[in-house]
There are 2 protein chains.
Amino acid sequence: MTETAVSSLNIDKLARQLKALANPKRLQMFHLLMAGVHCNCELGEALAMPPNLISHHMSILRDMGLVDVARDAVDARWVYFSINEAALAELNQVFGAFFAADRIQPRRPSCGPQGAVVPMTDIAMG
Amino acid sequence: MTETAVSSLNIDKLARQLKALANPKRLQMFHLLMAGVHCNCELGEALAMPPNLISHHMSILRDMGLVDVARDAVDARWVYFSINEAALAELNQVFGAFFAADRIQPRRPSCGPQGAVVPMTDIAMG
DNA sequence: GGTATACTTCAAGAAAATTTGAACTAAATG
DNA sequence: CATTTAGTTCAAATTTTCTTGAAGTATACC
């Protein structure tokens with residue numbers, strides 16, 4: 001990834017996706033979905049949370065495209081949440097590129113005396 | 001990474017690290033630090049933010065161990081922020097393991113009719 | 001058709017994060 | 001030694017997020 005490819009627009013989107021995940025309950029929900037499809041009631045039982053809260057947190061993950069939802073073909077009252085694999089792949093790619101250790105540069109700050117040459121007259125001699 | 005290795009303790013730490021990064025301003029600051037060491041005033045100039053806000057956001061990244069700080073050897077008033085490379089490496093490892101696409105399992109939910117066998121008496125014939 | 005079920009939406013309250021402005025610290029400068 | 005400089009800390013105000021409880025929707029069951 002080039003420097004210009006890490007644009008502020010990408011940074012904003014990455015920040016919003018990370019914010020959707022940056023919550024212990026939502027991260028646990030995501031973890032459960034990684035282990036396979038779950039319905040609202042299963043998530044609620046696993047995390048000891050009421051169904052409306054599950055619904056709320058799932059909508060945050062859904063809004064960021066990270067989670068998909070489907071209704072049961074036999075009984076449409078049941079909803080099944082699952083990981084959006086394309087979004088996960090893109091997140092992994094963007095995250096890996098953004099936080100790649102080899103992007104770290106040995107720049108020196110342009111202000112402060114550190115980068116500046118210390119004048120010889122200021123250097124104590126003998 | 002095994003399922004048990006992704007424990008709730010790890011999830012909480014990952015959630016806290018992601019939360020520290022899940023802010024557009026802090027992510028931009030982190031991006032600037034990836035390009036090399038910056039002092040408070042450089043970050044403030046680049047992001048049009050007052051020094052106390054830079055200080056505040058940097059302390060959040062520092063508290064999570066993601067950013068290091070050092071004072072100038074010549075003029076100790078200047079502070080230099082940089083990426084903590086060990087923390088970055090660990091974050092990449094944990095994130096990559098947690099969100100690894102191949103962790104997704106084809107589980108069927110244990111409630112709802114989807115997984116259940118549809119009784120023959122309910123299947124319309126001929 | 002009335003009731004139960006599974007979930008969502010809404011509104012209000014509680015908690016947390018963010019921003020602002022001022023006061024403070026420590027070090028360098030004249 | 002007073003002043004300037006670079007940054008931090010503090011307290012209050014604002015904004016956002018999270019939780020709670022109730023109401024609403026749509027579907028299935030009897």
Side-chain angles (χ1 to χ4, degrees), chain A residues 12 15-16 18-29 37-45 47-64 67-81 109-116 118-119 121-122, chain B residues 12 15-29 37-64 67-81 109-116 118-119 121-122:
Chain A
D12 277 5
R16 279 184 290 116
L18 292 182
K19 180 182 282 183
L21 294 166
N23 173 287
K25 290 290 168 64
R26 283 199 293 275
L27 208 51
Q28 281 180 273
M29 291 175 183
V37 171
H38 282 69
C39 64
N40 183 310
C41 68
E42 285 177 306
L43 295 174
E45 201 163 307
L47 302 174
M49 293 167 72
N52 60 338
L53 249 192
I54 301 293
S55 203
H56 166 71
H57 286 299
M58 280 295 124
S59 80
I60 288 171
L61 291 172
R62 283 211 291 144
D63 287 350
M64 289 314 302
V67 161
D68 286 333
V69 65
R71 289 201 171 262
D72 191 289
V74 175
D75 184 339
R77 289 174 300 179
W78 299 77
V79 304
Y80 300 116
F81 298 107
S110 60
C111 50
Q114 189 181 67
V118 180
T121 51
D122 292 345
Chain B
D12 277 5
R16 280 183 289 116
Q17 292 210 122
L18 292 182
K19 180 181 282 182
L21 294 165
N23 173 287
K25 290 291 166 63
R26 283 199 293 274
L27 208 51
Q28 281 179 273
M29 292 175 184
V37 172
H38 282 68
C39 64
N40 183 310
C41 68
E42 285 176 306
L43 295 174
E45 201 164 305
L47 301 174
M49 292 167 73
N52 60 337
L53 251 191
I54 301 292
S55 202
H56 167 70
H57 285 300
M58 280 295 126
S59 80
I60 288 171
L61 291 172
R62 283 211 290 144
D63 287 350
M64 289 313 303
V67 161
D68 286 333
V69 66
R71 289 201 173 262
D72 192 288
V74 175
D75 184 339
R77 289 175 301 178
W78 299 77
V79 305
Y80 300 115
F81 298 106
S110 60
C111 51
Q114 189 181 65
V118 180
T121 51
D122 292 345

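Treat the numbers as computed from the prediction; the structure is a model and nothing was measured. These numbers come from the heavy atoms of this one structure, side chains and all, not from hydrogens, waters or symmetry mates. Sequence lines set the chain letters: A, B, ... in the order given, protein chains first and strands last, and positions in each chain run from 1.
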*For A:C41 and A:W78, which heavy atoms make the closest approach, and how far apart are they?*
SG-CZ3, 3.6 Å
*Nearest atoms (heavy-atom pairs only) where B:V74 meets B:D72*: N-OD1, 2.6 Å
*Please lay out, stage by stage, how A:V69 and A:R62 fare under the test side-chain contact (heavy atoms from CB on, under 4.5 Å).*
CA-CA 8 Å; A:V69 65; A:R62 283 211 291 144; 3.2 Å; yes
Anything under 3.5 Å between a protein N or O and an N or O of nucleotides 3-7 of chain C, put it in a table, one pair a line.
| residue | atom | partner | partner atom | Å |
| --- | --- | --- | --- | --- |
| C:dT5 | O4' | A:R77 | NH1 | 3.4 |
| C:dT5 | O2 | A:R77 | NH1 | 3.4 |
| C:dC7 | OP1 | A:N40 | N | 3.4 |
| C:dC7 | OP2 | A:C41 | N | 3.2 |

*Return each pair, listed once, that meets side chain to side chain donor-acceptor pair (under 3.5 Å) where at least one residue sits in residues 50-59 of chain B; pairs must be two or more places apart or across chains.*
B:R26-B:H57
*Round to the nearest Å and state the distance from B:L47 atom CG to C:dT19 atom C1'.*
15 Å
*Who are the side chain to side chain contact (heavy atoms under 4.5 Å, CB included) partners of A:V37, not counting sequence neighbours?*
A:Y80, A:S82, B:P109
_Under the rule for side chain to side chain donor-acceptor pair (under 3.5 Å), what residues qualify as partners of B:D68, not counting sequence neighbours?_
B:N84
_For B:A20, all residues meeting side chain to side chain contact (heavy atoms under 4.5 Å, CB included), sequence neighbours excluded_ = B:I60, B:L61, B:M64, B:L66
*Rounded to the nearest 0.5 Å, how far apart are NZ of A:K25 and CG of A:L43?*
12.5 Å
*Bend angle of the helix from C:dG1-D:dC30 to C:dG30-D:dC1, end axes from five pairs each (to 10°)*: 10°
*Identify, with sequence neighbours excluded, every residue that meets side chain to side chain contact (heavy atoms under 4.5 Å, CB included) alongside B:P51.*
B:N40
*Go through DNA chain D in 5' to 3' direction and return only the first and the last nucleotide with some atom under 4.0 Å of chain A's heavy atoms.*
D:dT17 to D:dA28
_Return the CG to CG distance between B:L27 and A:L18, rounded to the nearest 0.5 Å._
6.5 Å
_With B:R77 via side chain to side chain donor-acceptor pair (under 3.5 Å) - residues at least two apart_ = B:D75
_To the closest 0.5 Å, what do you measure between CD (B:Q28) and CG (B:N23)?_
9.0 Å
Distances under 3.5 Å between protein N/O atoms and the N/O atoms of nucleotides 15-18 of chain C, please, pair by pair.
| residue | atom | partner | partner atom | Å |
| --- | --- | --- | --- | --- |
| C:dT18 | OP1 | B:N23 | ND2 | 2.8 |
| C:dT18 | OP1 | B:R26 | NH2 | 3.4 |
| C:dT18 | OP2 | B:R26 | NH1 | 3.2 |

*asked:* Tell me every residue that passes side chain to side chain donor-acceptor pair (under 3.5 Å) with A:E42, counting only those two or more places apart in sequence or in another chain.
replied: B:R107, B:S110
*Whole angstrom is fine here: how far is it from CD1 in A:I54 over to P in C:dT9?*
15 Å
